[in-house]
There are 2 protein chains.
Amino acid sequence: MTYSDKLISYYKTIANDCVLGVSLDCVIFGFHDTRLKVLLLRWKDTNEWCLPGGFIYKTESVDDAAGRVLYERTGLNKLFLQQFHLFGEANRYDREDTWQRQKMPMPFSGSWPDRTISMGYYALVDYTKVTPTADFLSDACGWFDVGELPSLLYDHCRIIHVALQTLRLQLNWQPIGLNLMPEKFTIPELQRLYEAVLGRPLDSRNFHKKITGLSILTRLDERRTGRAHKSPYLYQFDLSNYQRALVNGNLIFV
Amino acid sequence: MTYSDKLISYYKTIANDCVLGVSLDCVIFGFHDTRLKVLLLRWKDTNEWCLPGGFIYKTESVDDAAGRVLYERTGLNKLFLQQFHLFGEANRYDREDTWQRQKMPMPFSGSWPDRTISMGYYALVDYTKVTPTADFLSDACGWFDVGELPSLLYDHCRIIHVALQTLRLQLNWQPIGLNLMPEKFTIPELQRLYEAVLGRPLDSRNFHKKITGLSILTRLDERRTGRAHKSPYLYQFDLSNYQRALVNGNLIFV
DNA sequence: CTTTCTTTATGTTAATCGTACACATAGAGA
DNA sequence: TCTCTATGTGTACGATTAACATAAAGAAAG
């Protein structure tokens with residue numbers, strides 16, 4: 001059985017078990033080395049990358065399907081995961097061109113609906129806890145700097161762009177970091193995250209005042225030592241206050 | 001041909017021409033007599049109401065489909081219309097119960113997919129310019145106070161609730177009113193809109209200061225006369241500044 | 001051991017914003 | 001002409017923000 005045959009049989013299974021005409025794409029954000037990262041998959045036997053995505057089983061809620069995709073690609077569960085946009089244009093991307101870049105076998109074209117609308121989700125995950133895992137259609141899975149994306153299939157470049165825009169807006173009235181930072185972190189490290197998402201530097205003195213004023217952080221008795229200069233305190237998120245801030249939408253606007 | 005036959009044939013046409021398994025529901029907000037209103041349809045020959053909704057033609061974008069539904073029900077075009085949530089639970093509502101309340105003919109059940117996910121849109125329209133128009137499935141179309149909704153089919157009660165929540169959030173960083181108010185209006189009238197959406201009274205003196213400070217309003221030389229007491233000035237929205245405020249997301253937070 | 005250098009932690013100040021409240025004004029009705 | 005009340009404008013005060021200053025910590029260099 002050739003790869004081409006496998007592919008067609010795979011899509012036939014999907015067509016049988018899943019809701020037809022609707023897919024979902026997950027923009028999975030991580031944070032590492034002062035940079036905001038996105039998790040991407042490389043389409044098998046090509047140099048083309050795409051977002052982790054999938055289809056919705058007939059008895060499964062769309063949100064659950066997104067959680068499943070996230071789990072399958074990262075090994076993580078129960079994370080911050082949110083709908084952000086439905087991509088529903090009739091011609092979201094150049095189909096011929098995309099199939100060619102994917103090296104899609106041509107008998108394929110008959111066995112698939114003419115268009116697919118896609119629900120976009122974005123997730124915030126702890127980079128250090130993720131085990132990037134490729135799927136049936138891909139031969140690599142890895143992180144990319146949001147500023148240095150590779151060649152992307154479909155309309156995934158736009159999807160990432162819209163996700164980032166949404167994330168930036170969200171920053172104005174909800175805290176982030178709970179799922180992006182490791183369990184213990186310093187305030188300057190958290191500031192790097194905010195700077196990476198907003199794409200501009202922040203005043204460290206005002207940031208410190210602001211973020212501690214939200215009472216979503218608990219200062220530990222430990223410090224991060226070993227580096228030159230004054231050792232910063234380590235912090236943890238105060239889960240209950242963090243949740244309250246998420247729901248109430250305290251203005252942050254760093 | 002009985003109504004029952006017509007209904008089945010109607011849904012067969014839909015199944016043929018439209019994307020299967022995906023629908024859309026529009027929460028159309030209007031404003032009248034100090035109250036926020038929602039446009040609802042009454043299901044033919046029942047006392048059950050529902051949101052205007054529809055399906056997506058195979059060659060039509062989802063956003064365009066929402067615009068079409070809005071136009072068909074209100075006669076209005078090119079309005080503020082926005083996605084707000086995908087309702088994708090596998091069992092969004094009690095199907096048996098709903099069909100019974102709809103007096104749905106039972107041969108129907110075989111000719112329709114097991115589940116439908118629905119994209120929620122909300123629109124802001126000028127109450128005075130709307131001609132509520134019933135569709136094939138309904139025998140009445142009218143406005144309801146968001147606080148006094150009738151018996152609703154499907155999960156439309158929840159959909160309205162989520163739409164209202166989204167609208168309230170949006171109020172914190174975007175102006176509203178351009179499509180909800182008539183062309184000329186007074187500041188106290190605009191204040192009534194904000195109060196209706198937020199569900200709480202505002203201080204008229206501070207509201208006046210705040211709203212004029214955004215420079216999205218142009219004061220006309222006319223006043224609204226005929227009523228008792230001091231005649232208030234009439235205002236218009238300054239379109240270019242209004243658009244800028246929409247895009248930039250100036251904090252408003254009344 | 002002392003000095004230097006740099007990052008972290010905390011503090012200060014002036015400007016701005018939000019909230020609460022006071023008051024003069026206009027216009028219809030008594 | 002007086003009254004009543006919604007409207008338009010203004011003021012005062014506390015809270016918040018943005019910009020800038022300084023002290024403390026800790027490793028490296030002399």
Side-chain angles (χ1 to χ4, degrees), chain A residues 33-34 171-175 177 181-182 184-196 198 200-236 245 248-254, chain B residues 33-34 168 171-175 177 181-182 184-196 198-236 245 248-254:
Chain A
D33 194 23
T34 80
L171 220 55
N172 291 338
W173 53 279
Q174 285 186 335
M181 301 297 290
K184 298 173 181 183
F185 53 89
T186 70
I187 289 187
E189 282 162 8
L190 184 60
Q191 185 183 332
R192 302 291 163 266
L193 168 63
Y194 273 79
E195 289 174 334
L198 291 170
R200 61 184 167 90
L202 300 171
D203 183 290
S204 63
R205 300 161 288 193
N206 292 333
F207 182 81
H208 194 286
K209 227 183 316 176
K210 187 83 189 181
I211 207 81
T212 53
L214 292 172
S215 60
I216 57 171
L217 295 179
T218 312
R219 188 162 91 171
L220 305 175
D221 283 334
E222 300 171 71
R223 287 153 174 268
R224 177 157 338 274
T225 54
R227 306 180 183 213
H229 321 308
K230 181 172 178 176
S231 313
Y233 284 100
L234 285 171
Y235 287 80
Q236 271 183 331
N248 294 352
N250 291 329
L251 256 298
I252 296 182
F253 220 68
V254 186
Chain B
D33 193 23
T34 79
R168 282 186 179 152
L171 217 56
N172 291 337
W173 54 278
Q174 285 186 336
M181 301 297 291
K184 298 174 179 182
F185 52 89
T186 70
I187 289 187
E189 283 161 9
L190 185 59
Q191 185 182 332
R192 302 293 163 264
L193 168 63
Y194 273 79
E195 289 174 332
L198 290 170
R200 62 185 166 90
L202 300 170
D203 184 289
S204 63
R205 300 160 287 193
N206 292 333
F207 182 80
H208 194 289
K209 221 185 321 173
K210 188 80 189 184
I211 207 80
T212 52
L214 293 172
S215 61
I216 57 170
L217 295 179
T218 313
R219 189 163 92 171
L220 305 176
D221 283 333
E222 300 170 69
R223 288 154 175 267
R224 179 159 332 279
T225 53
R227 307 184 184 210
H229 320 309
K230 180 171 180 176
S231 312
Y233 285 100
L234 286 171
Y235 286 80
Q236 272 183 330
N248 294 352
N250 291 330
L251 257 296
I252 296 182
F253 220 68
V254 186

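Side-chain atoms are counted along with the backbone in the values below, which use heavy atoms only and exclude waters and symmetry mates. Chain letters run A, B, ... following the sequence lines, proteins first and then strands; every chain starts at 1.
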### Least distance between heavy atoms, A196(B) atom then T34(B) atom
CB-O, 3.7 Å
#### Entry: Atom-pair distance (CG on L202(A); P on dT17(D)), nearest Å
14 Å
### Message
Measure CZ/R219(A) against P/dT8(C) and give the value in whole Å, please.
### Response
14 Å
#### Entry: Distance, rounded to the nearest Å, where K230(A) contributes NZ and dA23(D) contributes P
13 Å
### Query
For the pair made of CZ in R227(B) and C1' in dT25(C), what is the distance, rounded to whole Å?
19 Å
## Note on the structure
Looking only at dT8(C), dT19(C), dC4(D), the nucleotide nearest the K209(B) side chain is dT19(C)
### Least distance between heavy atoms, F185(A) atom then R224(A) atom
CA-NH2, 4.0 Å
### Message
On a heavy-atom basis, which atom in I187(A) and which in F207(A) lie closest, and how many Å separate them?
### Response
O-CE2, 3.8 Å
Might you list the N or O atoms of the protein lying below 3.5 Å from N or O atoms in nucleotides 14-16 of chain C, with each pair's distance?
none

### Query
Hey, does the side chain of S231(A) come within less than 4.0 Å of dA25(D)'s phosphate (OP1/OP2), counting only N and O?
no
### Task
Starting at atom CZ of R224(A), determine the distance to atom C1' of dA9(C), rounded to an integer number of angstrom.
17 Å
### Query
Which pair of non-hydrogen atoms, one from M181(A) and one from L193(A), has the smallest distance, and what is that distance?
SD-CD2, 3.9 Å
### Task
May I ask you to verify whether the side chain of H229(A) and the base of dT6(C) hold a donor-acceptor pair under 3.5 Å?
yes
### Query
Expressed in angstrom and rounded to an integer, what is the separation of F207(B) atom CZ from dT7(D) atom C1'?
14 Å
### Message
For R192(B), is there an ion pair with E195(B) - N to carboxylate O distance below 4.0 angstrom?
### Response
yes
### Query
Taking NZ from K210(B) and P from dT9(D), how many angstroms apart are they, rounded to a whole number?
18 Å
### Message
What is the separation between atom CG on N206(B) and atom P on dA22(C), rounded to the nearest whole Å?
### Response
13 Å
### Message
Has Q236(A) got a side-chain atom pairing as donor or acceptor with L220(A)'s backbone, closer than 3.5 angstrom?
### Response
no
### Task
Would you mind telling me which residue lines up with the more 5' stretch of DNA chain D, T225(A) or H208(B), judged by nearest nucleotide?
H208(B)
### Message
Measuring from atom NZ of K209(A) to atom CG of D203(A), what distance do you get when rounded to the nearest 0.5 angstrom?
### Response
8.0 Å
### Task
Kindly point out which of dA24(D), dA21(D), dA18(D) is positioned nearest to the side chain of R205(A)?
dA21(D)
### Query
Using a cut-off of less than 4.0 Å, is there contact between a side-chain N or O of R223(B) and OP1 or OP2 of dG27(C)?
yes
